[in-house]
Structures are given as C-alpha cells and as structure tokens.
Amino acid sequence: MKPILEAAVEVRSHLGPDDERTLADDVLDGLTRPLKELPPKHFYDARGSELFDAICELPEYYQTRTERLILEANADEIAALTGAVELVELGSGSATKTRVLLDAMAAAGTLARYAPVDVSATTVHAVAELFAEEYPGLSVAGLVADFERHLAHLRKPLGPRLIAFLGGTIGNFTPGSRRRLLRSIGKVLGPGGHLLLGTDLVKEPRVLEAAYNDSAGVTAQFNLNVLHVVNRELGANFDVGAFEHVAFFDREQEWIEMRLRARAAQHVRVEALDLEVDFAAREELRTEISAKFTPERLCRDLAAAGMEIVARFTDPDERFAVSLARLA
Ligand code: AVJ
C-alpha cells in the first residue's frame with residue numbers, strides 16, 4: 001500500500017566510495033604543478049569547519065553577519081517576489097540564515113519543502129532533523145552530494161523553487177567554473193524558480209585583507225589545517241609549523257588569494273600516492289581564491305549563465321550583496 005503521507009524527512013546520498021578519490025586526485029594534480037595549488041573544499045574537516053565558524057565571529061570578518069542582516073531585512077520581500085514553496089540550500093550553511101528564509105516563506109503561507117545539499121552527510125542529517133522538528137508539516141528532502149556534479153539528482157520541484165547559494169561561496173570558483181556552476185543551477189531552477197546568491201563586494205583592499213589576516217590568527221590556523229587534512233587522509237608528512245599563512249587582494253583579478261609559504265626548503269612524502277614533493281624556501285602553495293564582485297561583474301556572470309537579476313539587496317556600506325535572479 002502506498003503511504004498516505006510522504007516521509008517528513010528523507011536524505012539521499014550521491015557520494016560513493018569513488019568520491020574519496022577527489023582529495024587524492026587534487027593533491028596529485030595540485031602538488032605536481034609548477035605553481036602548487038590545492039582547492040579550498042578540503043579545508044572543511046571537523047576542525048576546519050570549527051575554525052570557519054570561529055572566523056565568522058571575528059571582528060574583521062564582516063561577511064557572515066552582514067549577509068545575515070541583509071537577509072533579515074529582506075526575507076519577506078524575497079518570499080513575496082518568489083512565491084517559493086521550496087528552499088534548496090547549496091552548501092547548507094548556518095541554521096540561522098536558513099531559518100530567516102524558512103520563517104519568511106512560512107509567514108507567506110507558501111513553505112512546503114526544504115532541501116539541504118551538502119557534501120557532509122553529518123551536516124545534511126543535522127539540518128534535516130533540526131528543521132523537520134522546528135517546522136511541523138515541512139517536508140525535508142536532503143541530498144548528500146557535490147553541488148558541482150549532482151544537482152540533477154534534486155527531486156522535481158513542488159512549485160516555485162528558491163535555490164539559496166549563500167555565504168559568498170561562489171567566490172571560491174574561478175570565472176570559468178563559476179559560470180559553469182551558475183549554468184547548472186539555472187538548469188534545475190524549474191518553472192518560476194529563483195536563485196538567491198550571496199557575494200562579497202569589491203572594496204578597499206585594506207578592509208578585504210584584514211578579513212583574511214585577522215589579528216587572532218584564526219584564518220592562519222584555518223589555512224594551515226589543510227596540511228593536517230592531507231597528513232591524516234593521505235599519510236603525508238607535512239611539517240605544518242614549517243609553513244606560514246599568506247593572504248592578499250589581487251587587484252587585477254579582484255580576488256583574495258590565500259597561500260601557504262614554506263619558511264625553508266621542505267621535502268614531503270605523501271604515502272598514499274607514493275609521491276615525493278619538494279618546496280623551495282619561500283615557495284608558496286595556493287589554497288584558496290575568494291572572488292569579490294562589482295555589480296557589473298555579477299550581472300555579466302549571471303547573464304552568461306542565462307540569468308537576470310530581479311532584485312539586489314545590500315547593506316548600507318555596500319560590503320556584501322544578496323542577489324535574486326531568474327532565467328532570462
Ligand atoms: C566560505 C568561501 C566564503 O572566501 O571568505 C574565510 C572562506 N577563507 N576565510 C571566504 C574563508 C578564509 C570563505 N567562504
């Protein structure tokens with residue numbers, strides 16, 4: 001017999017054993033290049049996620065609290081403009097931001113489904129349970145997946161869909177992969193769907209650089225943590241203390257770049273890959289780019305993905321923007 005009610009909470013996983021290979025692949029690719037590089041997604045093990053949460057509380061790091069204020073001020077309008085019945089959240093961020101949007105949709109009387117998408121199964125289960133409990137009658141359809149590859153696995157929309165991609169995470173993507181990702185989001189917006197995109201804005205380099213060189217040194221710990229991840233996961237022997245944190249604003253590219261610089265020449269072995277890597281003294285390994293946007297760039301990137309901006313919300317100092325977009 002068919003159940004009368006859909007299960008309130010459902011979590012599906014699209015990450016298989018193969019996905020563990022990505023760290024190994026990225027390390028092999030990234031550490032054998034002339035300009036060494038590791039993608040920022042590997043920062044976020046349990047300790048890295050804790051450190052990131054601590055970054056969000058730092059006085060210099062304005063992004064998280066600014067975005068939250070913008071959402072609080074405009075969530076009702078976002079709910080009204082979109083008429084969204086479901087919220088898809090990419091990289092399910094902090095519960096507080098999600099709640100602001102869900103509350104507005106509930107108040108508008110449209111809220112039916114919440115779909116958190118994250119690579120961390122723990123995160124997806126936690127937010128799924130949390131919101132199923134807090135919002136009686138809400139159907140929760142979690143997806144443990146990589147939003148760069150698995151968006152097509154989302155359930156069919158129940159009605160107008162709102163896809164939230166917040167926190168400025170889009171900034172981690174280089175211009176080409178950024179447009180590719182936006183295009184793949186466009187494909188799953190569904191009829192009447194909207195994208196809610198959080199982006200940090202171009203501003204005085206002094207302010208930007210302070211946000212990535214905090215005086216408490218938390219960002220430095222966060223950056224260095226990726227070496228602990230590689231040591232643990234791939235049996236590498238990085239001497240973490242032999243590297244130092246570097247972060248600067250590249251004015252031409254309009255992005256913050258984080259690097260780890262070898263204080264002296266280093267020889268590193270990565271057991272799982274049977275790989276030997278040499279660092280010259282002061283050689284740098286790029287660990288993150290965090291793109292900052294002008295309104296024009298944002299418009300162009302969205303247009304390149306077939307989207308147009310419906311509304312743009314910002315704070316009085318224009319530090320951060322939350323843009324609402326739809327297919328053009
Ligand atoms: C989560 C990618 C938005 O780029 O500001 C914070 C990560 N890196 N401090 C950012 C981060 C260093 C953050 N994002």
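Indexing begins at 1, ligand by ligand and atom by atom, following the structure's order. No experiment lies behind these values; they were computed from the predicted model shown.
Residues Y114 and Y135 keep their aromatic ring centres 6.0 Å or farther apart.
The closest heavy-atom contact to atom 1 (C) of ligand 1, among the options F222, W255, F52, comes from F52.
Checking only distances, Y212 does come within under 3.5 Å of ligand 1, N or O to N or O. Residue Y44 has no N or O atom closer than 3.5 Å to an N or O atom of ligand 1. Looking at S290 next to ligand 1, an N or O pair under 3.5 Å apart turns up. The shortest N or O to N or O distance between Y61 and ligand 1 is under 3.5 Å.
You'll find the side chain of R180 stays beyond 4.5 Å of the side chain of F173, heavy atoms only.
Using bins of under 30°, 30° to 60° and over 60° for the plane-to-plane angle, the ring pair F52/F222 lands in the tilted bin.
Heavy-atom contacts of G168 reach the following atoms of ligand 1: 3 (C) (cutoff under 4.0 Å). Close approach of ligand 1 to N172 (heavy-atom distance below 4.0 Å) involves ligand atoms 2 (C).
Among all non-hydrogen protein atoms, the one lying nearest atom 8 (N) of ligand 1 is E288 OE1, 2.6 Å. Among all non-hydrogen protein atoms, the one lying nearest atom 3 (C) of ligand 1 is G167 O, 3.0 Å.
Counting only N and O atoms by type, the side chains of S120 and Y44 include no donor and acceptor under 3.5 Å apart.
Taken together through direct or relayed side-chain contacts under 4.5 Å among Ile, Leu, Val, Met, Phe, Trp and Tyr, Y61 and V246 form parts of separate hydrophobic clusters.
One finds a salt bridge joining K97 and E67 here, because a Lys/Arg side-chain nitrogen approaches an Asp/Glu carboxylate oxygen to under 4.0 Å.
Note that the CG atom of L208 and the CD atom of E204 stand 9.0 Å from one another [nearest 0.5 Å].
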